[in-house]
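Just so we're on the same page: letters track the sequence lines, and every chain starts at 1.
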Protein chains: 2
Amino acid sequence: MLLFKLSTYAVVGGNLKIELVIAAVALAFFFIGIYLNKKSLSSKTNNTSEVDTDKIAELGLSKREYEVLQEISRGLSNREIADKLYLSESTVKTHVSNLLLKLNAQRRTQAVKIARQLNIL
Amino acid sequence: MLLFKLSTYAVVGGNLKIELVIAAVALAFFFIGIYLNKKSLSSKTNNTSEVDTDKIAELGLSKREYEVLQEISRGLSNREIADKLYLSESTVKTHVSNLLLKLNAQRRTQAVKIARQLNIL
DNA sequence: GCGAGACTCATACTAAAGTACCAAAAAGCT
DNA sequence: AGCTTTTTGGTACTTTAGTATGAGTCTCGC
């Protein structure tokens, strides 16, 4: 607005070429448009790319359970998760079972889907 | 550019108020900025949100196999997929096996991960 | 009309995944 | 220290998942 007023005064005063003023205003608003648009878009897309830590706590997921969940989403088997986290397969199974209960899932694939929907992965 | 020229002629001709013309040009370029920006952004972000049909063909995934893959990613069991697609569980198992081969996966969870990375889901 | 894939389904297994229940360390809190 | 939750692990089963193999049907292009 300030820029706009200045430009009109300049024209009325007659000490600037009209074409130049219009071009300047056009250019300015062109970039303002780009800037505002970029801002509004980034606020929308960031929502779908961050992990919701509060939700994890809300579900009562423990640290280990969450780690196991992450490995499941990476496609690992219980055996592989056990090796990666230095656990027995039994322990992994225990974690998985508790995990499924807390996420209201019947299967590990479903757990992954639900976790994704809750922005937990 | 055409719009720009017209506006300058209008001012020179003296049959329009300068403020109005400048405002119009500003508004026009404002939206042009938004438009162009949106276009350039969408070409970048669409890469991570659209399904790559070519990749599906490249992998040799058949229609049915792909449908089964989708249901797996929704967390369904073979039994549930069979019911949903009006198939026997045997058939679903066959599709899953072929699916895993084509995706180089050992498990359905891994298939989902790989499919996601390939922008197939 | 015929051959190639795709689709369907069955049987028979093997291998994972998941459940139930229990129990002992380990870690955190007050 | 005492209590609680987490973490760990075991045994014993049941249920899904996945593999192998064979075979009949369907569809589409040529």
Side-chain angles (χ1 to χ4, degrees), chain A residues 51-118 120-121, chain B residues 51-118 120-121:
Chain A
V51 174
D52 189 345
T53 318
D54 297 332
K55 204 107 213 173
I56 298 175
E58 189 186 323
L59 291 166
L61 281 185
S62 74
K63 178 169 159 282
R64 269 321 212 189
E65 284 164 357
Y66 180 65
E67 286 176 333
V68 169
L69 175 59
Q70 287 181 311
E71 300 306 337
I72 288 175
S73 80
R74 292 182 185 124
L76 300 195
S77 68
N78 289 338
R79 181 71 267 147
E80 289 170 336
I81 296 174
D83 292 345
K84 191 167 180 181
L85 301 182
Y86 303 106
L87 294 174
S88 77
E89 200 179 333
S90 289
T91 306
V92 175
K93 283 188 179 185
T94 305
H95 287 321
V96 172
S97 274
N98 294 330
L99 206 70
L100 297 180
L101 280 175
K102 292 177 182 178
L103 285 174
N104 271 311
Q106 275 73 56
R107 281 163 293 285
R108 45 170 58 208
T109 44
Q110 199 181 0
V112 171
K113 189 209 72 175
I114 293 172
R116 278 227 154 75
Q117 288 179 336
L118 296 176
I120 273 180
L121 285 178
Chain B
V51 175
D52 189 344
T53 318
D54 297 333
K55 203 101 212 179
I56 298 176
E58 189 185 322
L59 291 166
L61 280 185
S62 73
K63 178 169 158 284
R64 270 321 212 190
E65 286 163 355
Y66 181 65
E67 287 176 334
V68 169
L69 175 60
Q70 287 181 311
E71 301 305 337
I72 289 176
S73 79
R74 291 180 187 126
L76 300 193
S77 69
N78 289 338
R79 180 71 269 146
E80 289 170 336
I81 296 173
D83 292 343
K84 192 166 180 182
L85 300 182
Y86 304 105
L87 293 174
S88 77
E89 200 180 333
S90 289
T91 306
V92 175
K93 283 187 180 186
T94 306
H95 287 321
V96 172
S97 274
N98 294 329
L99 206 68
L100 296 180
L101 279 175
K102 291 176 182 179
L103 285 174
N104 272 309
Q106 275 74 56
R107 280 162 295 284
R108 46 171 57 211
T109 44
Q110 198 181 1
V112 171
K113 188 209 73 174
I114 293 172
R116 278 226 154 75
Q117 288 179 336
L118 296 176
I120 272 179
L121 285 178

Task: Separation of atom CD in Glu71(A) from atom C1' in dA16(C), rounded to whole Å - done: 18 Å

- [ ] Say whether, by atom type as modelled, one donor and one acceptor occur between the side chain of Arg116(B) and the main chain of Leu121(B) under 3.5 angstrom.
- [x] no

Task: Gap separating the OG atom of Ser73(A) from the CD atom of Glu71(A), nearest 0.5 angstrom - done: 7.5 Å

Task: Separation of atom CG in Leu101(B) from atom C1' in dA20(D), rounded to whole Å - done: 11 Å

Open item on the list: Measure CD/Gln106(B) against P/dT19(D) and give the value in whole Å, please.
Closed with: 9 Å

Set out, line by line, the N/O atom pairs under 3.5 Å between protein and nucleotides 3-12 of chain D.
{"unit_1": "dT7(D)", "atom_1": "OP1", "unit_2": "Arg64(A)", "atom_2": "N", "d": "3.3"}
{"unit_1": "dT7(D)", "atom_1": "OP2", "unit_2": "Ser62(A)", "atom_2": "OG", "d": "2.2"}
{"unit_1": "dT8(D)", "atom_1": "OP1", "unit_2": "Arg64(A)", "atom_2": "NE", "d": "2.9"}
{"unit_1": "dT8(D)", "atom_1": "OP1", "unit_2": "Arg64(A)", "atom_2": "NH2", "d": "2.8"}
{"unit_1": "dT8(D)", "atom_1": "OP2", "unit_2": "Arg64(A)", "atom_2": "NE", "d": "2.9"}
{"unit_1": "dT8(D)", "atom_1": "OP2", "unit_2": "His95(A)", "atom_2": "NE2", "d": "3.1"}
{"unit_1": "dG9(D)", "atom_1": "OP2", "unit_2": "Ser88(A)", "atom_2": "N", "d": "2.8"}
{"unit_1": "dG9(D)", "atom_1": "OP2", "unit_2": "Thr91(A)", "atom_2": "OG1", "d": "3.1"}
{"unit_1": "dG9(D)", "atom_1": "O5'", "unit_2": "Thr91(A)", "atom_2": "OG1", "d": "3.4"}

Open item on the list: So, does Asn78(B) get its side chain near the phosphate of dT16(D), meaning an N or O under 4.0 Å from OP1 or OP2?
Closed with: no

Task: Presence of Ser97(A) side-chain N/O under 4.0 Å of dT19(C) phosphate oxygens OP1/OP2 - done: yes

Open item on the list: So, OP1 or OP2 of dA16(C): does either fall under 4.0 Å of a side-chain N or O from Arg107(B)?
Closed with: no

Open item on the list: Is a donor from one side chain sitting under 3.5 angstrom from an acceptor on the other, for Asn98(B) and Arg64(B)?
Closed with: no

Task: Residue from Leu99(A), Asn104(A), Asp54(A), Ile120(A) passing side-chain contact (heavy atoms from CB on, under 4.5 Å) with Leu59(A) - done: Ile120(A)

Task: Euclidean distance, atom CG of residue Leu99(B) to atom P of dA17(D) [Å, nearest integer] - done: 14 Å

Open item on the list: From CD1 of Ile72(B) over to P of dA17(D), roughly how many Å is that when rounded to an integer?
Closed with: 9 Å

Open item on the list: Please report the interatomic distance CD1(Ile114(B)) to CD(Gln106(B)), rounded to the nearest 0.5 Å.
Closed with: 7.5 Å

Task: Separation between CD of Glu89(A) and OG1 of Thr94(A), rounded to the nearest 0.5 Å - done: 11.0 Å

